[in-house]
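The structure displayed is predicted, hence computed values, not measured ones.
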2 protein chains.
Amino acid sequence: MARPGIESIRRQQLIDATLSVIETHGFQGATIGKIAAASELSVGIVSHYFGGKQGLLEATMRYLLSCLQQDASRLMASRPSNPRESLMAIVDANFSGVQTHAQSAKTWLAFWTQAMHSPELMRLQRVNERRLLSNLIFHLRQLMPPGPAQATAQTVAAMIDGFWLRAAMSEGRIEPDQAAALCKTYIDQAIKANNGASK
Amino acid sequence: MARPGIESIRRQQLIDATLSVIETHGFQGATIGKIAAASELSVGIVSHYFGGKQGLLEATMRYLLSCLQQDASRLMASRPSNPRESLMAIVDANFSGVQTHAQSAKTWLAFWTQAMHSPELMRLQRVNERRLLSNLIFHLRQLMPPGPAQATAQTVAAMIDGFWLRAAMSEGRIEPDQAAALCKTYIDQAIKANNGASK
DNA sequence: CTCTGTATTGAATGAGTGTTCAATTTGTTG
DNA sequence: CAACAAATTGAACACTCATTCAATACAGAG
(Lines give C-alpha, C1' and ligand atoms only; values in the text may rest on other atoms or scores of the structure.)
Protein backbone atom coordinates (compact mmCIF):
# COMPACT_ATOMS: atom_id res chain seq x y z
CA MET A 1 0.00 0.00 0.00
CA ALA A 2 1.12 3.57 -0.64
CA ARG A 3 1.09 6.34 1.91
CA PRO A 4 -2.18 6.86 3.68
CA GLY A 5 -3.64 10.31 3.25
CA ILE A 6 -2.42 10.48 -0.30
CA GLU A 7 -6.03 10.51 -1.41
CA SER A 8 -6.94 13.73 0.39
CA ILE A 9 -3.74 15.35 -0.88
CA ARG A 10 -4.57 14.53 -4.49
CA ARG A 11 -8.18 15.61 -4.07
CA GLN A 12 -7.09 18.99 -2.76
CA GLN A 13 -4.49 19.33 -5.52
CA LEU A 14 -7.21 18.83 -8.11
CA ILE A 15 -9.66 21.19 -6.40
CA ASP A 16 -7.00 23.91 -6.18
CA ALA A 17 -6.13 23.40 -9.82
CA THR A 18 -9.82 23.60 -10.75
CA LEU A 19 -10.20 26.94 -8.98
CA SER A 20 -7.07 28.26 -10.63
CA VAL A 21 -8.12 27.19 -14.12
CA ILE A 22 -11.66 28.57 -13.74
CA GLU A 23 -10.15 31.86 -12.59
CA THR A 24 -7.97 32.21 -15.68
CA HIS A 25 -9.95 30.41 -18.38
CA GLY A 26 -13.51 30.67 -17.15
CA PHE A 27 -15.95 27.89 -16.46
CA GLN A 28 -16.28 26.99 -20.11
CA GLY A 29 -12.53 26.82 -20.59
CA ALA A 30 -12.00 24.62 -17.55
CA THR A 31 -11.20 21.34 -19.31
CA ILE A 32 -9.89 18.17 -17.77
CA GLY A 33 -6.71 18.65 -19.75
CA LYS A 34 -5.99 22.09 -18.34
CA ILE A 35 -6.90 21.08 -14.81
CA ALA A 36 -4.62 18.08 -15.05
CA ALA A 37 -1.78 20.25 -16.37
CA ALA A 38 -2.29 22.85 -13.62
CA SER A 39 -2.23 20.16 -10.94
CA GLU A 40 0.81 18.47 -12.54
CA LEU A 41 -1.11 15.21 -12.63
CA SER A 42 -2.63 13.22 -15.46
CA VAL A 43 -6.12 13.38 -16.91
CA GLY A 44 -7.01 9.88 -15.76
CA ILE A 45 -6.65 10.77 -12.10
CA VAL A 46 -9.81 12.86 -12.15
CA SER A 47 -12.05 9.92 -12.94
CA HIS A 48 -10.14 7.85 -10.39
CA TYR A 49 -10.77 10.20 -7.47
CA PHE A 50 -13.96 12.02 -8.44
CA GLY A 51 -15.62 9.66 -10.91
CA GLY A 52 -15.57 12.29 -13.61
CA LYS A 53 -15.55 15.99 -14.29
CA GLN A 54 -18.97 16.63 -12.75
CA GLY A 55 -17.84 15.06 -9.50
CA LEU A 56 -14.78 17.28 -9.39
CA LEU A 57 -16.89 20.39 -9.97
CA GLU A 58 -19.31 19.47 -7.19
CA ALA A 59 -16.44 18.78 -4.82
CA THR A 60 -14.94 22.16 -5.70
CA MET A 61 -18.19 23.95 -4.91
CA ARG A 62 -18.49 22.06 -1.63
CA TYR A 63 -14.98 23.23 -0.81
CA LEU A 64 -15.85 26.85 -1.48
CA LEU A 65 -18.97 26.57 0.68
CA SER A 66 -17.01 25.04 3.53
CA CYS A 67 -14.42 27.84 3.33
CA LEU A 68 -17.17 30.44 3.57
CA GLN A 69 -18.71 28.67 6.54
CA GLN A 70 -15.34 28.46 8.25
CA ASP A 71 -14.77 32.19 7.80
CA ALA A 72 -18.19 32.83 9.30
CA SER A 73 -17.61 30.59 12.31
CA ARG A 74 -14.19 32.10 13.02
CA LEU A 75 -15.41 35.69 12.89
CA MET A 76 -18.51 34.95 14.96
CA ALA A 77 -16.44 33.33 17.67
CA SER A 78 -14.14 36.32 18.19
CA ARG A 79 -16.90 38.88 18.63
CA PRO A 80 -19.09 39.97 21.55
CA SER A 81 -22.60 38.60 21.69
CA ASN A 82 -24.13 41.99 20.97
CA PRO A 83 -26.77 41.50 18.22
CA ARG A 84 -25.56 44.45 16.17
CA GLU A 85 -21.95 43.30 16.38
CA SER A 86 -23.02 39.82 15.33
CA LEU A 87 -24.62 41.25 12.20
CA MET A 88 -21.43 43.15 11.40
CA ALA A 89 -19.46 39.94 11.85
CA ILE A 90 -21.73 38.15 9.38
CA VAL A 91 -21.13 40.90 6.84
CA ASP A 92 -17.38 40.74 7.37
CA ALA A 93 -17.42 36.98 7.00
CA ASN A 94 -19.20 37.20 3.69
CA PHE A 95 -16.55 39.53 2.29
CA SER A 96 -13.45 38.13 3.91
CA GLY A 97 -13.05 35.41 1.31
CA VAL A 98 -12.76 37.94 -1.49
CA GLN A 99 -9.54 39.45 -0.26
CA THR A 100 -7.59 36.28 0.25
CA HIS A 101 -8.87 34.66 -2.93
CA ALA A 102 -9.41 37.20 -5.69
CA GLN A 103 -10.41 34.27 -7.85
CA SER A 104 -13.32 33.35 -5.62
CA ALA A 105 -15.79 35.91 -6.92
CA LYS A 106 -15.46 34.84 -10.53
CA THR A 107 -15.65 31.20 -9.55
CA TRP A 108 -18.75 31.75 -7.43
CA LEU A 109 -20.50 33.43 -10.30
CA ALA A 110 -19.55 30.59 -12.60
CA PHE A 111 -20.92 28.05 -10.14
CA TRP A 112 -24.13 29.98 -9.62
CA THR A 113 -24.73 29.96 -13.33
CA GLN A 114 -23.94 26.28 -13.58
CA ALA A 115 -25.99 25.50 -10.49
CA MET A 116 -29.20 26.58 -12.17
CA HIS A 117 -29.07 23.52 -14.38
CA SER A 118 -27.59 21.01 -11.94
CA PRO A 119 -29.91 19.76 -9.16
CA GLU A 120 -27.08 18.84 -6.82
CA LEU A 121 -25.32 22.20 -7.09
CA MET A 122 -28.67 23.95 -6.78
CA ARG A 123 -29.34 22.09 -3.54
CA LEU A 124 -25.98 23.12 -2.08
CA GLN A 125 -26.61 26.72 -3.07
CA ARG A 126 -30.06 26.75 -1.48
CA VAL A 127 -28.83 25.31 1.80
CA ASN A 128 -26.19 28.01 2.06
CA GLU A 129 -28.67 30.75 1.21
CA ARG A 130 -31.09 29.55 3.86
CA ARG A 131 -28.37 29.55 6.48
CA LEU A 132 -27.34 33.14 5.77
CA LEU A 133 -30.94 34.33 5.78
CA SER A 134 -31.96 32.66 9.04
CA ASN A 135 -28.76 33.85 10.69
CA LEU A 136 -29.53 37.43 9.75
CA ILE A 137 -33.15 37.14 10.86
CA PHE A 138 -32.18 35.68 14.22
CA HIS A 139 -30.06 38.70 15.14
CA LEU A 140 -32.29 41.34 13.52
CA ARG A 141 -35.24 39.90 15.42
CA GLN A 142 -33.63 41.19 18.62
CA LEU A 143 -33.50 44.73 17.26
CA MET A 144 -36.81 45.17 15.42
CA PRO A 145 -40.26 43.59 14.83
CA PRO A 146 -40.60 40.41 12.74
CA GLY A 147 -41.80 42.15 9.58
CA PRO A 148 -38.95 44.64 9.20
CA ALA A 149 -36.49 41.96 10.34
CA GLN A 150 -37.54 39.69 7.49
CA ALA A 151 -37.38 42.54 4.98
CA THR A 152 -34.02 43.80 6.21
CA ALA A 153 -32.53 40.31 6.12
CA GLN A 154 -33.55 39.79 2.53
CA THR A 155 -32.20 43.19 1.60
CA VAL A 156 -28.86 42.54 3.26
CA ALA A 157 -28.60 39.16 1.57
CA ALA A 158 -29.31 40.74 -1.81
CA MET A 159 -26.73 43.46 -1.14
CA ILE A 160 -24.07 40.91 -0.33
CA ASP A 161 -24.78 38.95 -3.50
CA GLY A 162 -24.88 42.14 -5.53
CA PHE A 163 -21.51 43.37 -4.30
CA TRP A 164 -19.98 39.97 -4.98
CA LEU A 165 -21.36 40.10 -8.46
CA ARG A 166 -19.88 43.55 -8.99
CA ALA A 167 -16.56 42.48 -7.54
CA ALA A 168 -16.51 39.60 -10.00
CA MET A 169 -17.40 41.79 -12.95
CA SER A 170 -14.94 44.59 -12.27
CA GLU A 171 -11.84 42.45 -11.89
CA GLY A 172 -11.35 43.35 -8.26
CA ARG A 173 -11.77 47.08 -8.78
CA ILE A 174 -14.41 47.26 -6.06
CA GLU A 175 -12.81 46.97 -2.64
CA PRO A 176 -14.39 44.39 -0.36
CA ASP A 177 -13.81 46.75 2.58
CA GLN A 178 -15.94 49.35 0.89
CA ALA A 179 -18.70 46.86 0.12
CA ALA A 180 -18.75 45.67 3.73
CA ALA A 181 -18.88 49.27 4.94
CA LEU A 182 -21.89 50.02 2.75
CA CYS A 183 -23.68 46.93 4.04
CA LYS A 184 -23.00 47.99 7.61
CA THR A 185 -24.23 51.50 6.94
CA TYR A 186 -27.46 50.05 5.65
CA ILE A 187 -27.89 47.83 8.68
CA ASP A 188 -27.48 50.78 11.01
CA GLN A 189 -29.98 52.80 9.00
CA ALA A 190 -32.46 49.93 9.14
CA ILE A 191 -32.00 49.56 12.90
CA LYS A 192 -32.50 53.28 13.44
CA ALA A 193 -35.58 53.34 11.21
CA ASN A 194 -37.22 50.45 13.09
CA ASN A 195 -35.91 50.53 16.64
CA GLY A 196 -38.15 50.81 19.67
CA ALA A 197 -41.10 49.40 17.76
CA SER A 198 -40.35 45.92 19.10
CA LYS A 199 -40.00 44.49 22.61
CA MET B 1 -34.30 40.24 -54.93
CA ALA B 2 -36.39 38.85 -52.11
CA ARG B 3 -38.50 40.88 -49.72
CA PRO B 4 -36.73 43.75 -48.06
CA GLY B 5 -36.67 43.57 -44.25
CA ILE B 6 -36.25 39.83 -44.39
CA GLU B 7 -32.87 40.25 -42.76
CA SER B 8 -34.18 41.96 -39.63
CA ILE B 9 -36.95 39.35 -39.37
CA ARG B 10 -34.45 36.48 -39.46
CA ARG B 11 -32.13 38.21 -37.02
CA GLN B 12 -34.96 38.64 -34.51
CA GLN B 13 -36.08 35.04 -35.04
CA LEU B 14 -32.61 33.83 -34.16
CA ILE B 15 -32.27 36.14 -31.16
CA ASP B 16 -35.65 34.99 -29.79
CA ALA B 17 -34.66 31.37 -30.31
CA THR B 18 -31.35 32.01 -28.53
CA LEU B 19 -33.14 33.44 -25.49
CA SER B 20 -35.56 30.53 -25.45
CA VAL B 21 -32.83 27.90 -25.69
CA ILE B 22 -30.65 29.54 -23.01
CA GLU B 23 -33.69 29.64 -20.73
CA THR B 24 -34.37 25.92 -21.07
CA HIS B 25 -30.91 24.43 -21.66
CA GLY B 26 -28.59 26.97 -20.06
CA PHE B 27 -25.77 28.87 -21.64
CA GLN B 28 -23.65 25.76 -22.02
CA GLY B 29 -26.44 23.83 -23.67
CA ALA B 30 -27.21 26.59 -26.14
CA THR B 31 -25.79 25.00 -29.27
CA ILE B 32 -26.21 26.20 -32.83
CA GLY B 33 -28.20 23.07 -33.56
CA LYS B 34 -30.77 23.71 -30.81
CA ILE B 35 -31.05 27.39 -31.67
CA ALA B 36 -31.59 26.54 -35.32
CA ALA B 37 -34.25 23.99 -34.42
CA ALA B 38 -36.03 26.44 -32.09
CA SER B 39 -36.08 29.11 -34.78
CA GLU B 40 -37.20 26.61 -37.42
CA LEU B 41 -34.25 27.62 -39.55
CA SER B 42 -31.05 25.85 -40.49
CA VAL B 43 -27.67 25.90 -38.79
CA GLY B 44 -25.99 27.65 -41.68
CA ILE B 45 -28.13 30.76 -41.34
CA VAL B 46 -26.38 31.79 -38.15
CA SER B 47 -23.03 32.24 -39.83
CA HIS B 48 -24.77 34.00 -42.70
CA TYR B 49 -26.42 36.69 -40.56
CA PHE B 50 -24.15 36.92 -37.53
CA GLY B 51 -20.83 35.59 -38.77
CA GLY B 52 -20.88 32.83 -36.17
CA LYS B 53 -22.12 31.85 -32.75
CA GLN B 54 -20.23 34.57 -30.92
CA GLY B 55 -21.82 37.23 -33.09
CA LEU B 56 -25.29 35.87 -32.33
CA LEU B 57 -24.60 35.90 -28.60
CA GLU B 58 -23.38 39.49 -28.67
CA ALA B 59 -26.41 40.55 -30.69
CA THR B 60 -28.66 38.81 -28.16
CA MET B 61 -27.06 40.66 -25.26
CA ARG B 62 -27.37 43.95 -27.12
CA TYR B 63 -31.05 43.18 -27.58
CA LEU B 64 -31.54 42.55 -23.87
CA LEU B 65 -29.74 45.79 -23.01
CA SER B 66 -31.88 47.76 -25.44
CA CYS B 67 -35.05 46.26 -23.93
CA LEU B 68 -33.92 47.33 -20.47
CA GLN B 69 -33.15 50.82 -21.67
CA GLN B 70 -36.53 51.05 -23.38
CA ASP B 71 -38.30 50.04 -20.16
CA ALA B 72 -36.36 52.71 -18.34
CA SER B 73 -37.16 55.45 -20.84
CA ARG B 74 -40.84 54.58 -20.88
CA LEU B 75 -41.23 54.60 -17.12
CA MET B 76 -39.19 57.78 -16.72
CA ALA B 77 -41.32 59.62 -19.24
CA SER B 78 -44.61 58.88 -17.50
CA ARG B 79 -43.54 60.15 -14.09
CA PRO B 80 -43.32 63.55 -12.45
CA SER B 81 -39.93 65.22 -12.27
CA ASN B 82 -39.75 64.85 -8.49
CA PRO B 83 -36.26 63.46 -7.66
CA ARG B 84 -37.63 60.80 -5.33
CA GLU B 85 -40.22 59.66 -7.84
CA SER B 86 -37.52 59.47 -10.49
CA LEU B 87 -35.52 57.12 -8.30
CA MET B 88 -38.59 54.95 -7.77
CA ALA B 89 -39.11 54.85 -11.52
CA ILE B 90 -35.54 53.69 -12.05
CA VAL B 91 -36.09 50.88 -9.59
CA ASP B 92 -39.36 49.88 -11.28
CA ALA B 93 -37.68 49.91 -14.68
CA ASN B 94 -34.97 47.57 -13.48
CA PHE B 95 -37.52 45.02 -12.30
CA SER B 96 -40.18 45.40 -14.96
CA GLY B 97 -38.41 43.11 -17.40
CA VAL B 98 -38.51 40.19 -14.99
CA GLN B 99 -42.26 39.89 -15.03
CA THR B 100 -42.81 39.88 -18.76
CA HIS B 101 -39.84 37.63 -19.43
CA ALA B 102 -39.26 35.09 -16.70
CA GLN B 103 -36.38 33.81 -18.79
CA SER B 104 -34.53 37.10 -18.61
CA ALA B 105 -32.99 36.65 -15.19
CA LYS B 106 -31.35 33.35 -16.02
CA THR B 107 -30.14 34.69 -19.32
CA TRP B 108 -28.68 37.81 -17.74
CA LEU B 109 -26.75 35.72 -15.28
CA ALA B 110 -25.46 33.54 -18.08
CA PHE B 111 -24.30 36.59 -20.00
CA TRP B 112 -22.67 38.13 -16.97
CA THR B 113 -20.66 34.99 -16.48
CA GLN B 114 -19.74 34.83 -20.14
CA ALA B 115 -18.96 38.54 -20.25
CA MET B 116 -16.05 38.14 -17.84
CA HIS B 117 -14.08 36.38 -20.53
CA SER B 118 -15.28 38.26 -23.59
CA PRO B 119 -13.99 41.84 -24.02
CA GLU B 120 -16.90 42.94 -26.19
CA LEU B 121 -19.59 41.64 -23.80
CA MET B 122 -17.65 43.13 -20.90
CA ARG B 123 -17.66 46.52 -22.58
CA LEU B 124 -21.44 46.40 -23.10
CA GLN B 125 -21.95 45.40 -19.50
CA ARG B 126 -19.77 48.24 -18.22
CA VAL B 127 -21.55 50.86 -20.31
CA ASN B 128 -24.89 49.78 -18.91
CA GLU B 129 -23.58 49.72 -15.35
CA ARG B 130 -22.19 53.23 -15.69
CA ARG B 131 -25.50 54.55 -16.99
CA LEU B 132 -27.47 53.12 -14.08
CA LEU B 133 -24.99 54.45 -11.55
CA SER B 134 -24.79 57.98 -12.92
CA ASN B 135 -28.57 58.10 -13.26
CA LEU B 136 -28.97 57.21 -9.60
CA ILE B 137 -26.31 59.68 -8.50
CA PHE B 138 -27.87 62.50 -10.49
CA HIS B 139 -31.20 62.19 -8.67
CA LEU B 140 -29.77 61.36 -5.25
CA ARG B 141 -27.51 64.39 -5.53
CA GLN B 142 -30.65 66.57 -5.23
CA LEU B 143 -31.60 64.93 -1.96
CA MET B 144 -28.31 64.52 -0.09
CA PRO B 145 -24.60 65.52 -0.09
CA PRO B 146 -22.21 64.04 -2.69
CA GLY B 147 -20.64 61.47 -0.38
CA PRO B 148 -23.84 59.77 0.77
CA ALA B 149 -25.27 60.08 -2.74
CA GLN B 150 -22.35 58.11 -4.15
CA ALA B 151 -22.60 55.49 -1.43
CA THR B 152 -26.37 55.16 -1.71
CA ALA B 153 -26.19 54.83 -5.50
CA GLN B 154 -23.69 51.98 -5.27
CA THR B 155 -25.78 50.27 -2.64
CA VAL B 156 -28.96 50.52 -4.70
CA ALA B 157 -27.14 49.21 -7.77
CA ALA B 158 -25.83 46.26 -5.77
CA MET B 159 -29.30 45.57 -4.36
CA ILE B 160 -30.81 45.51 -7.83
CA ASP B 161 -28.16 43.08 -9.07
CA GLY B 162 -28.53 40.97 -5.96
CA PHE B 163 -32.30 40.62 -6.29
CA TRP B 164 -31.95 39.73 -9.96
CA LEU B 165 -29.43 37.10 -8.99
CA ARG B 166 -31.81 35.67 -6.41
CA ALA B 167 -34.70 35.77 -8.84
CA ALA B 168 -32.60 33.79 -11.29
CA MET B 169 -31.56 31.24 -8.67
CA SER B 170 -34.97 30.61 -7.19
CA GLU B 171 -36.82 29.97 -10.43
CA GLY B 172 -39.07 32.99 -10.08
CA ARG B 173 -39.97 32.30 -6.45
CA ILE B 174 -39.00 35.84 -5.44
CA GLU B 175 -41.57 38.31 -6.64
CA PRO B 176 -40.17 41.28 -8.54
CA ASP B 177 -42.75 43.52 -6.83
CA GLN B 178 -41.35 42.55 -3.47
CA ALA B 179 -37.79 43.19 -4.58
CA ALA B 180 -38.72 46.62 -5.94
CA ALA B 181 -40.52 47.45 -2.69
CA LEU B 182 -37.46 46.57 -0.63
CA CYS B 183 -35.26 48.75 -2.83
CA LYS B 184 -37.69 51.65 -2.42
CA THR B 185 -37.80 51.19 1.33
CA TYR B 186 -34.04 51.43 1.40
CA ILE B 187 -34.01 54.58 -0.70
CA ASP B 188 -36.47 56.27 1.65
CA GLN B 189 -34.39 55.23 4.66
CA ALA B 190 -31.27 56.62 3.02
CA ILE B 191 -33.01 59.91 2.19
CA LYS B 192 -34.30 60.25 5.74
CA ALA B 193 -30.88 59.45 7.21
CA ASN B 194 -29.12 62.09 5.09
CA ASN B 195 -31.68 64.80 4.34
CA GLY B 196 -31.21 68.45 5.23
CA ALA B 197 -27.45 68.06 5.22
CA SER B 198 -27.25 69.33 1.64
CA LYS B 199 -28.44 72.50 -0.12
C1' DC C 1 -42.41 30.42 -68.51
C1' DT C 2 -37.44 31.51 -68.13
C1' DC C 3 -33.77 33.77 -66.18
C1' DT C 4 -31.07 35.63 -62.32
C1' DG C 5 -29.36 36.62 -58.09
C1' DT C 6 -30.54 36.21 -53.21
C1' DA C 7 -31.90 33.28 -49.39
C1' DT C 8 -31.48 28.95 -47.33
C1' DT C 9 -30.23 24.33 -46.60
C1' DG C 10 -27.77 20.49 -44.28
C1' DA C 11 -24.24 16.93 -44.97
C1' DA C 12 -19.28 16.86 -44.56
C1' DT C 13 -15.41 18.47 -41.99
C1' DG C 14 -12.26 19.16 -38.39
C1' DA C 15 -11.15 20.76 -33.92
C1' DG C 16 -11.83 19.84 -29.09
C1' DT C 17 -13.40 17.23 -25.05
C1' DG C 18 -14.50 13.54 -21.34
C1' DT C 19 -13.87 8.88 -20.44
C1' DT C 20 -11.70 4.47 -20.45
C1' DC C 21 -8.30 1.04 -19.41
C1' DA C 22 -4.09 -1.62 -20.36
C1' DA C 23 0.55 -0.54 -19.26
C1' DT C 24 3.79 1.57 -16.19
C1' DT C 25 5.62 3.54 -12.04
C1' DT C 26 5.96 3.76 -7.13
C1' DG C 27 6.13 2.53 -2.43
C1' DT C 28 5.60 -1.21 0.91
C1' DT C 29 6.01 -5.80 2.68
C1' DG C 30 8.06 -10.38 3.40
C1' DC D 1 16.14 -8.20 -3.40
C1' DA D 2 11.76 -10.01 -5.02
C1' DA D 3 6.87 -9.81 -5.02
C1' DC D 4 2.91 -7.44 -4.72
C1' DA D 5 -0.70 -3.95 -4.84
C1' DA D 6 -1.94 0.67 -4.92
C1' DA D 7 -1.21 4.82 -7.57
C1' DT D 8 -0.70 6.95 -11.83
C1' DT D 9 -0.19 7.53 -16.63
C1' DG D 10 -1.64 8.96 -21.35
C1' DA D 11 -2.83 7.22 -25.91
C1' DA D 12 -7.02 5.57 -28.04
C1' DC D 13 -11.81 6.07 -28.46
C1' DA D 14 -16.37 7.99 -28.94
C1' DC D 15 -18.87 11.88 -28.94
C1' DT D 16 -20.39 16.81 -29.53
C1' DC D 17 -20.29 20.96 -31.69
C1' DA D 18 -19.22 25.21 -34.78
C1' DT D 19 -18.10 26.10 -39.26
C1' DT D 20 -18.07 25.65 -44.14
C1' DC D 21 -19.78 25.53 -48.80
C1' DA D 22 -21.68 23.27 -52.84
C1' DA D 23 -26.36 22.35 -53.88
C1' DT D 24 -31.14 23.77 -53.70
C1' DA D 25 -35.32 26.68 -53.20
C1' DC D 26 -37.35 30.79 -54.17
C1' DA D 27 -38.95 35.54 -55.39
C1' DG D 28 -39.38 38.81 -58.70
C1' DA D 29 -37.93 40.72 -63.60
C1' DG D 30 -38.21 40.24 -68.42
Just the rounded figure in Å: distance from [atom2] of [N] to [atom1] of [X].
X: B/Gln54; N: D/dT19; atom1: CD; atom2: C1'; result: 14 Å
X: A/Leu56; N: C/dT17; atom1: CG; atom2: P; result: 16 Å
X: B/Glu7; N: C/dT6; atom1: CD; atom2: P; result: 13 Å
X: A/Gln13; N: D/dT8; atom1: CD; atom2: C1'; result: 12 Å
X: B/Lys34; N: D/dA18; atom1: NZ; atom2: P; result: 9 Å
X: B/Ile32; N: C/dT9; atom1: CD1; atom2: C1'; result: 15 Å
X: A/Ile45; N: C/dT26; atom1: CD1; atom2: C1'; result: 12 Å
X: B/Arg11; N: C/dT8; atom1: CZ; atom2: C1'; result: 16 Å

Between B/Trp164 and B/Trp108, what is the ring plane arrangement, given parallel below 30°, perpendicular above 60°, and tilted in between?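 Perpendicular: the ring planes of B/Trp164 and B/Trp108 meet at over 60°.
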Under a 4.5 Å cut-off applied to non-hydrogen side-chain atoms, are B/Pro83 and B/Phe138 in contact?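 With C-beta onward as the side chain, the pair stays apart.
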Is there side-chain contact between B/Gln154 and A/Arg166, with heavy atoms separated by less than 4.5 Å?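 Not in contact.
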Want to settle it: does B/Leu41 or A/Val43 sit nearer the 5' end of DNA chain C, counting the closest nucleotide to each?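 Per heavy-atom nearest nucleotide, the more 5' residue is B/Leu41.
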B/Ser42 side chain, from C-beta outward: closest of C/dG10, D/dT9, C/dT17: C/dG10
B/Ile6 side chain, from C-beta outward: closest of C/dA7, C/dT19, D/dA18: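 Output: C/dA7.
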Among A/Ile137, A/Ile90, A/Leu68, which residue satisfies the side-chain contact (heavy atoms from CB on, under 4.5 Å) criterion with A/Leu132?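 The residue from A/Ile137, A/Ile90, A/Leu68 that satisfies side-chain contact (heavy atoms from CB on, under 4.5 Å) with A/Leu132 turns out to be A/Ile90.
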With a 4.0 Å cut-off on heavy atoms, is A/Ser47 in touch with a base, just the backbone sugar-phosphate, or nothing at all? base
Residues, nucleotides or ligands: over 12 heavy atoms within 6.0 Å of B/Glu120 CD: yes
Under 4.0 Å between a side-chain N/O of B/Arg10 and OP1 or OP2 of C/dT8, yes or no? yes
Give a yes/no on whether any side-chain N or O of B/Tyr49 is located under 4.0 angstrom from OP1 or OP2 of C/dT8. yes
